[in-house]
Amino acid sequence: MLSDRYHIVLASNSPRRKELLAGLDVDFTVRVIDGIDESYPHTLPTKDIAEYISRKKADAYRAMMSADELVITADTIVVLGNEVMGKPADDAEACRMLRALSGRTHQVITGVTLTTCRQQVSFSVTTDVTFKVLSDEEIAYYVSVYHPMDKAGAYGIQEWIGHIGVTGMSGSYFNVMGFPVQRVYEALKML
(Lines give C-alpha, C1' and ligand atoms only; values in the text may rest on other atoms or scores of the structure.)
Protein backbone atom coordinates (compact mmCIF):
# COMPACT_ATOMS: atom_id res chain seq x y z
CA MET A 1 0.00 0.00 0.00
CA LEU A 2 2.90 2.36 0.67
CA SER A 3 4.82 3.72 -2.25
CA ASP A 4 7.67 1.53 -3.42
CA ARG A 5 9.60 4.53 -4.76
CA TYR A 6 12.11 4.22 -1.94
CA HIS A 7 14.13 1.55 -0.25
CA ILE A 8 13.35 2.15 3.43
CA VAL A 9 16.21 2.13 5.92
CA LEU A 10 15.48 2.04 9.63
CA ALA A 11 18.38 3.70 11.41
CA SER A 12 17.83 2.01 14.77
CA ASN A 13 18.88 -1.09 16.70
CA SER A 14 15.68 -0.96 18.75
CA PRO A 15 13.83 -4.28 18.56
CA ARG A 16 10.60 -2.41 19.30
CA ARG A 17 11.06 -0.03 16.36
CA LYS A 18 11.88 -2.96 14.07
CA GLU A 19 8.76 -4.83 15.20
CA LEU A 20 6.48 -1.82 14.80
CA LEU A 21 7.81 -0.83 11.35
CA ALA A 22 7.47 -4.45 10.23
CA GLY A 23 3.80 -4.20 11.25
CA LEU A 24 3.27 -1.78 8.35
CA ASP A 25 4.05 -4.61 5.90
CA VAL A 26 6.87 -2.68 4.26
CA ASP A 27 10.26 -4.04 3.31
CA PHE A 28 13.13 -2.32 5.07
CA THR A 29 16.70 -2.85 6.12
CA VAL A 30 18.42 -1.76 9.29
CA ARG A 31 21.53 0.39 9.18
CA VAL A 32 23.15 1.72 12.34
CA ILE A 33 25.98 4.18 12.80
CA ASP A 34 27.49 3.94 16.27
CA GLY A 35 28.54 6.96 18.28
CA ILE A 36 26.18 9.62 16.94
CA ASP A 37 26.22 12.64 19.23
CA GLU A 38 22.81 12.92 20.88
CA SER A 39 23.45 16.13 22.78
CA TYR A 40 21.16 19.12 22.42
CA PRO A 41 21.21 22.79 23.44
CA HIS A 42 20.02 23.07 27.05
CA THR A 43 17.99 26.12 26.03
CA LEU A 44 15.87 23.97 23.70
CA PRO A 45 12.27 23.54 24.95
CA THR A 46 11.70 19.96 26.17
CA LYS A 47 8.93 19.44 23.60
CA ASP A 48 11.50 19.96 20.80
CA ILE A 49 14.38 17.79 22.08
CA ALA A 50 13.41 14.39 20.63
CA GLU A 51 12.71 15.85 17.18
CA TYR A 52 16.00 17.79 17.28
CA ILE A 53 17.94 14.61 18.09
CA SER A 54 16.12 12.62 15.38
CA ARG A 55 17.19 15.26 12.81
CA LYS A 56 20.75 15.16 14.15
CA LYS A 57 20.77 11.38 13.70
CA ALA A 58 19.40 11.78 10.15
CA ASP A 59 22.19 14.20 9.25
CA ALA A 60 24.75 11.50 10.13
CA TYR A 61 23.28 9.25 7.40
CA ARG A 62 23.08 11.79 4.57
CA ALA A 63 26.57 11.16 3.18
CA MET A 64 25.94 7.43 2.75
CA MET A 65 22.42 7.58 1.31
CA SER A 66 21.69 6.47 -2.22
CA ALA A 67 19.13 8.28 -4.37
CA ASP A 68 16.45 5.63 -3.85
CA GLU A 69 16.69 5.44 -0.05
CA LEU A 70 14.44 6.83 2.64
CA VAL A 71 16.06 6.80 6.08
CA ILE A 72 13.95 6.79 9.24
CA THR A 73 15.54 8.06 12.45
CA ALA A 74 13.87 8.45 15.83
CA ASP A 75 14.54 9.43 19.41
CA THR A 76 12.39 9.01 22.50
CA ILE A 77 12.55 10.91 25.77
CA VAL A 78 10.53 10.84 28.96
CA VAL A 79 9.68 14.19 30.56
CA LEU A 80 8.56 14.58 34.16
CA GLY A 81 7.86 18.20 34.96
CA ASN A 82 10.94 19.91 33.55
CA GLU A 83 13.25 16.90 33.91
CA VAL A 84 14.26 15.00 30.79
CA MET A 85 14.84 11.33 31.51
CA GLY A 86 16.98 9.50 29.03
CA LYS A 87 18.34 5.99 29.40
CA PRO A 88 19.59 5.16 32.91
CA ALA A 89 23.30 4.57 33.39
CA ASP A 90 22.87 1.82 36.00
CA ASP A 91 20.39 0.06 38.29
CA ALA A 92 20.49 2.81 40.90
CA GLU A 93 19.58 5.48 38.34
CA ALA A 94 16.82 3.25 36.92
CA CYS A 95 15.33 2.87 40.41
CA ARG A 96 15.58 6.62 40.99
CA MET A 97 13.74 7.33 37.73
CA LEU A 98 10.96 4.86 38.50
CA ARG A 99 10.54 6.27 42.02
CA ALA A 100 10.16 9.73 40.47
CA LEU A 101 7.55 8.47 37.96
CA SER A 102 5.64 6.56 40.67
CA GLY A 103 2.16 7.95 41.27
CA ARG A 104 2.56 10.69 38.68
CA THR A 105 1.80 11.55 35.07
CA HIS A 106 4.68 12.12 32.66
CA GLN A 107 5.08 12.67 28.92
CA VAL A 108 6.75 10.36 26.43
CA ILE A 109 7.91 12.29 23.38
CA THR A 110 9.21 10.58 20.26
CA GLY A 111 10.75 12.62 17.47
CA VAL A 112 10.91 11.04 14.01
CA THR A 113 12.70 12.21 10.87
CA LEU A 114 12.15 10.77 7.38
CA THR A 115 14.98 11.70 5.04
CA THR A 116 15.51 11.22 1.31
CA CYS A 117 18.13 12.86 -0.89
CA ARG A 118 15.54 15.46 -1.89
CA GLN A 119 13.51 16.14 1.23
CA GLN A 120 13.23 15.75 4.97
CA VAL A 121 10.12 15.57 7.15
CA SER A 122 10.27 15.71 10.95
CA PHE A 123 7.58 15.52 13.61
CA SER A 124 7.11 14.54 17.21
CA VAL A 125 4.34 12.75 19.06
CA THR A 126 3.56 13.16 22.76
CA THR A 127 1.72 10.68 24.98
CA ASP A 128 0.76 11.24 28.63
CA VAL A 129 1.32 8.21 30.86
CA THR A 130 0.19 7.83 34.49
CA PHE A 131 1.72 5.32 36.90
CA LYS A 132 0.18 4.03 40.09
CA VAL A 133 2.26 4.42 43.24
CA LEU A 134 4.94 1.76 42.76
CA SER A 135 6.38 0.00 45.80
CA ASP A 136 10.12 -0.23 46.31
CA GLU A 137 9.75 -4.00 45.91
CA GLU A 138 8.02 -3.63 42.53
CA ILE A 139 10.69 -1.21 41.32
CA ALA A 140 13.55 -3.43 42.53
CA TYR A 141 11.98 -6.51 40.93
CA TYR A 142 11.47 -4.82 37.58
CA VAL A 143 14.98 -3.36 37.41
CA SER A 144 16.68 -6.60 38.49
CA VAL A 145 14.70 -8.84 36.11
CA TYR A 146 14.19 -6.58 33.06
CA HIS A 147 17.37 -4.42 33.15
CA PRO A 148 15.77 -1.36 31.48
CA MET A 149 19.07 0.42 30.73
CA ASP A 150 18.18 0.77 27.03
CA LYS A 151 14.87 2.53 27.70
CA ALA A 152 14.15 6.21 28.22
CA GLY A 153 12.69 6.74 31.69
CA ALA A 154 13.90 3.26 32.70
CA TYR A 155 10.80 1.37 31.60
CA GLY A 156 9.13 -0.39 28.71
CA ILE A 157 5.35 -0.07 28.74
CA GLN A 158 5.06 -3.46 27.01
CA GLU A 159 6.92 -5.14 29.89
CA TRP A 160 5.85 -6.21 33.40
CA ILE A 161 6.06 -2.69 34.87
CA GLY A 162 3.63 -1.41 32.25
CA HIS A 163 1.24 -4.27 32.88
CA ILE A 164 1.09 -3.68 36.63
CA GLY A 165 1.85 0.02 36.89
CA VAL A 166 0.23 2.08 34.14
CA THR A 167 -3.17 3.33 35.27
CA GLY A 168 -3.86 5.77 32.45
CA MET A 169 -2.66 6.97 29.10
CA SER A 170 -3.66 9.69 26.68
CA GLY A 171 -2.22 9.28 23.21
CA SER A 172 -0.42 6.57 21.25
CA TYR A 173 0.61 3.37 23.05
CA PHE A 174 3.12 2.65 20.28
CA ASN A 175 4.68 6.07 20.82
CA VAL A 176 5.42 5.04 24.41
CA MET A 177 7.12 1.93 22.98
CA GLY A 178 9.36 4.35 21.06
CA PHE A 179 7.83 4.54 17.59
CA PRO A 180 4.57 6.33 16.74
CA VAL A 181 3.89 3.93 13.91
CA GLN A 182 0.50 5.34 12.88
CA ARG A 183 1.99 8.80 12.38
CA VAL A 184 5.00 7.28 10.56
CA TYR A 185 2.58 5.48 8.22
CA GLU A 186 0.78 8.75 7.40
CA ALA A 187 4.09 10.51 6.73
CA LEU A 188 5.36 7.68 4.50
CA LYS A 189 2.19 7.90 2.39
CA MET A 190 2.96 11.57 1.70
CA LEU A 191 6.52 10.99 0.42
Side-chain angles (χ1 to χ4, degrees), residues 10 12 14-21 23-24 38-57 72-89 93-114 121-143 145-188 190:
L10 177 63
S12 175
S14 165
R16 292 159 300 282
R17 289 186 181 131
K18 291 176 197 173
E19 174 189 348
L20 292 171
L21 184 58
L24 294 182
E38 295 186 17
S39 63
Y40 55 88
H42 291 323
T43 56
L44 197 63
T46 54
K47 67 179 184 57
D48 297 332
I49 293 170
E51 190 173 329
Y52 175 89
I53 295 171
S54 76
R55 280 194 306 271
K56 200 170 182 182
K57 289 177 179 179
I72 303 173
T73 54
D75 191 74
T76 301
I77 62 170
V78 169
V79 179
L80 179 64
N82 290 322
E83 181 184 1
V84 176
M85 296 180 168
K87 297 172 184 172
E93 188 175 15
C95 288
R96 181 195 66 77
M97 287 180 178
L98 289 169
R99 276 190 216 96
L101 296 173
S102 176
R104 300 177 69 189
T105 299
H106 62 277
Q107 289 70 48
V108 177
I109 305 170
T110 301
V112 178
T113 299
L114 307 176
V121 175
S122 295
F123 56 87
S124 62
V125 175
T126 301
T127 303
D128 291 333
V129 179
T130 303
F131 269 109
K132 73 171 190 151
V133 174
L134 299 166
S135 71
D136 286 341
E137 293 79 17
E138 289 167 335
I139 291 170
Y141 172 80
Y142 176 69
V143 171
V145 172
Y146 289 87
H147 311 289
M149 302 319 135
D150 65 334
K151 296 173 177 65
Y155 79 93
I157 195 167
Q158 72 281 3
E159 295 175 339
W160 182 84
I161 199 79
H163 297 220
I164 65 101
V166 173
T167 60
M169 183 173 50
S170 176
S172 168
Y173 173 82
F174 298 118
N175 183 56
V176 183
M177 286 179 66
F179 199 63
V181 69
Q182 189 277 333
R183 182 75 185 274
V184 169
Y185 172 78
E186 295 300 328
L188 285 171
M190 303 304 287

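Just so you know, these numbers come straight off a predicted model, no measurement behind them. Here, residue 1 is the first one in the sequence, and each next residue gets the next number.
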Do [X] and [Y] have side chains that approach each other closer than 4.5 Å (heavy atoms only, starting at C-beta)?
{"X": "Val145", "Y": "Tyr141", "value": "yes"}
{"X": "Lys47", "Y": "Thr126", "value": "no"}
{"X": "Met85", "Y": "Leu101", "value": "yes"}
{"X": "Glu51", "Y": "Ile109", "value": "no"}

Val143 and Met149: CA distance, side-chain angles, deciding distance, side-chain contact (heavy atoms from CB on, under 4.5 Å) verdict: CA-CA 9 Å; Val143 171; Met149 302 319 135; 4.2 Å; yes

Indicate every side-chain donor-acceptor pair of residues 156-165 with a distance under 3.5 Å to a residue at least two apart or in another chain.
{"from": "Glu159", "atom 1": "OE1", "to": "Tyr142", "atom 2": "OH", "distance (Å)": "2.4"}
{"from": "Glu159", "atom 1": "OE2", "to": "Lys151", "atom 2": "NZ", "distance (Å)": "3.3"}
{"from": "His163", "atom 1": "NE2", "to": "Gln158", "atom 2": "O", "distance (Å)": "3.0"}

Spacing of [X] atom [atom1] and [Y] atom [atom2] [to the nearest 0.5 Å]:
{"X": "Ile77", "Y": "Ile49", "atom1": "CD1", "atom2": "CD1", "value": "4.5 Å"}
{"X": "Lys57", "Y": "Ser12", "atom1": "NZ", "atom2": "OG", "value": "6.5 Å"}
{"X": "Tyr155", "Y": "Leu134", "atom1": "OH", "atom2": "CG", "value": "10.5 Å"}
{"X": "Tyr40", "Y": "Asp75", "atom1": "OH", "atom2": "CG", "value": "9.5 Å"}
{"X": "Leu44", "Y": "Ile53", "atom1": "CG", "atom2": "CD1", "value": "8.5 Å"}
{"X": "His106", "Y": "Thr130", "atom1": "NE2", "atom2": "OG1", "value": "8.0 Å"}

By side chain to side chain donor-acceptor pair (under 3.5 Å) - contacts of Ser54 (at least two apart): Thr113

Side-chain donor-acceptor contact under 3.5 Å, Arg16 with Thr76: no

Lys132 bridged to Glu138 by N-O distance under 4.0 Å: yes

Arg96/Glu83 salt bridge by N-O under 4.0 Å criterion: yes

Single hit among Val108, Leu20, Val112 for side-chain contact (heavy atoms from CB on, under 4.5 Å) with Pro180: Val112

Atom CZ of Arg104: over 12 foreign heavy atoms under 6.0 Å: no

NZ (Lys56) with more than 12 external heavy atoms under 6.0 Å: yes

Residue pairs fulfilling side chain to side chain donor-acceptor pair (under 3.5 Å) with at least one residue in residues 167-178, sequence neighbours excluded: Thr110-Asn175, Thr127-Asn175

Non-hydrogen atoms of Ala154 and Pro88 that approach each other most closely: CB-CG, 3.8 Å

Distance-minimising heavy-atom pair for Tyr52 and Ser39: CE2-O, 3.6 Å

